[in-house]
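To start, the structure itself, in structure tokens.
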Amino acid sequence: MVHLTAEEKAAVTHLWEKVNVEEIGGEALGRLLVVYPWTQRFFEHFGDLSSAAAIMGNPKVKAHGAKVLHSFSDGIHHLDNLKGTFSKLSELHCNKLHVDPENFRLLGNMIVIALAHHHGAEFSPSTQAAFQKVVSGVATALAHEISTVLQSGLSGMDIIYLELEDLKWPPH
Amino acid sequence: MVLSPADKSNVKGAWAKIGGHGAQYGAEALTRMFLGFPFTKTYFHHFDLSPGSAQIQAHGKKVADALTTAVDHLDDLPGALSDLSDLHAHKLRVDPVNFKFLSHCLLVTLAAHHPADFTPAVHASLDKFLAAVGTVLTSKYR
């Protein structure tokens with residue numbers, strides 16, 4: 001759940017009307033892969049990620065960034081129910097893709113930086129503050145399924161054994 | 001994480017483009033941090049934190065001047081920032097998790113004011129630089 005004041009909601013929706021979702025999405029994901037190169041571990045099948053230029057120009061990065069930001073857009077229109085809005089995506093990211101939730105926070109900050117980059121002074125401190133709440137709320141909603149797994153009675157070691165099975169390790 | 005020669009060149013280049021706006025950007029970054037991450041205000045309960053306050057301006061200048069010192073001594077950050085490290089370790093004791101919030105807001109400020117120069121590669125170098133500064137400032141905590 002994220003609690004925005006009326007002014008914050010207005011600031012977010014007002015700016016979002018001007019946002020080029022595809023462009024911001026591609027830029028945010030690209031910057032994530034450039035600035036935090038270890039995040040490339042989830043995208044080895046994307047082809048050439050060998051340099052900043054390659055990453056920012058990579059069509060798969062741009063396409064995936066656009067997809068991500070379209071989902072994020074959904075969140076903006078359902079701020080009162082982020083958990084429900086992202087529950088399937090959370091299941092996917094936590095249980096199939098095995099993404100450390102820290103990555104959602106990093107990408108959220110890259111979205112904030114991309115918005116500042118494109119909108120300059122209009123991305124005022126108070127508008128940024130509203131968006132920080134949104135990205136934090138979305139990150140938490142996406143991480144929700146991990147806390148569910150941990151509460152299901154599986155211990156940390158059980159989860160590690162399940163992961164190792166997934167990876168077919170050790171080789172017999 | 002070590003600053004490569006390319007990182008150092010990117011950081012010096014970006015800092016030169018800031019020109020005389022360091023104090024202004026420092027103050028803006030602080031304002032963005034206090035609004036976006038309200039728990040950081042706990043370290044400034046003695047300040048007037050209204051946007052544009054004289055204390056925020058003054059502190060923004062202090063932060064910018066310290067970063068300028070750091071930029072001028074990229075090959076010896078621990079030496080150049082030693083007094084500030086002592087200050088943070090023994091007097092200020094700002095919890096280490098907080099440095100990344102100010103760093104993030106500094107990056108947001110630079111992105112907003114210098115879009116053409118804030119390329120992904122420069123962004124990466126600046127992020128590494130600010131992380132290195134934060135590490136040095138907390139290096140004497142224990």
Side-chain angles (χ1 to χ4, degrees), chain A residues 3-5 7-8 11 15 23-24 26-40 49-58 61-62 65 102 105-136, chain B residues 1-4 6-7 9-11 14 21 24-41 49-53 56 60 97 99-131:
Chain A
H3 297 285
L4 269 65
T5 63
E7 287 88 359
E8 285 170 335
L15 188 76
E23 218 184 314
I24 295 282
E27 181 172 339
L29 183 62
R31 283 178 186 267
L32 179 77
L33 299 172
V34 170
V35 178
Y36 307 109
W38 55 90
T39 59
Q40 293 170 23
L49 299 177
S50 58
S51 68
I55 289 171
M56 300 311 288
N58 183 311
V61 171
K62 290 185 186 185
E102 177 61 17
R105 288 175 244 293
L106 290 178
L107 181 58
N109 278 341
M110 293 300 99
I111 292 172
V112 166
I113 285 184
L115 289 171
H117 192 227
H118 280 250
H119 297 276
E122 199 180 350
F123 194 66
S124 66
S126 51
T127 300
Q128 178 190 348
F131 271 96
Q132 297 290 168
K133 284 187 180 181
V134 175
V135 303
S136 169
Chain B
M1 283 181 268
V2 172
L3 293 177
S4 69
D7 288 324
S9 162
N10 284 341
V11 169
H21 293 281
Q24 174 201 337
Y25 294 169
E28 182 178 327
L30 286 168
T31 301
R32 286 181 180 279
M33 185 182 73
F34 294 140
L35 281 173
F37 308 99
F39 44 84
T40 56
K41 293 190 290 189
L49 291 180
S50 44
S53 83
I56 293 189
V97 310
F99 290 88
K100 64 181 183 230
F101 298 115
L102 181 56
S103 296
H104 170 65
C105 291
L106 280 161
L107 293 174
V108 169
T109 301
L110 293 175
H113 286 277
H114 296 273
D117 301 316
F118 196 73
T119 63
V122 167
H123 171 178
S125 298
L126 285 168
D127 190 278
K128 283 172 80 173
F129 163 66
L130 292 171

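Below, chain A is the first sequence line, B the second, and so on; all start at residue 1.
Listed options B:Ala111, B:Gly36, B:Ser125 were ranked by heavy-atom pairs under 4.5 angstrom with chain A; first place goes to B:Ala111. In terms of non-hydrogen atom pairs under 4.5 Å with chain A, the most contact-rich of B:Cys105, B:Ala116, B:Ala29, B:Ala124 is B:Ala124. The most heavy-atom pairs under 4.5 Å with chain B, out of A:Ala52, A:Ala116, A:Ala114, come from A:Ala116.
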Yes or no on ring-ring contact (aromatic ring centres under 6.0 Å, His included) for B:His21 and B:Tyr25, after CA distance, side-chain angles and deciding distance? CA-CA 6 Å; B:His21 293 281; B:Tyr25 294 169; 5.6 Å; yes
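Between B:Ser53 and B:Ser50, the side chains place no donor N or O within less than 3.5 Å of an acceptor N or O (distance only, hydrogens not considered). At a cut-off of 3.5 Å, with distance as the only test, no side-chain donor of B:Gln24 or B:Glu28 sits close to an acceptor on the other residue.
Between B:Phe39 and B:Phe101, the angle of the ring planes goes over 60°, which puts this pair in the perpendicular group of the 30/60° scheme.
Heavy atoms of A:Ser51 lying under 4.5 Å from chain B are absent altogether. Proximity to chain B is limited to the side chain of A:Tyr36, based on heavy atoms less than 4.5 angstrom apart. Looking at B:Phe37, only its side chain comes within 4.5 Å of chain A, counting heavy atoms on both sides. No part of B:Thr109 comes within reach of chain A, as not one of its non-hydrogen atoms sits under 4.5 angstrom from that chain.
The shortest side-chain heavy-atom distance between B:Leu110 and B:His123 does not fall under the 4.5 Å cut-off.
A:Leu115 pairs with exactly one of A:Val112, A:Ile113, A:Ile111 by the side chain to side chain contact (heavy atoms under 4.5 Å, CB included) rule, that one being A:Ile111.
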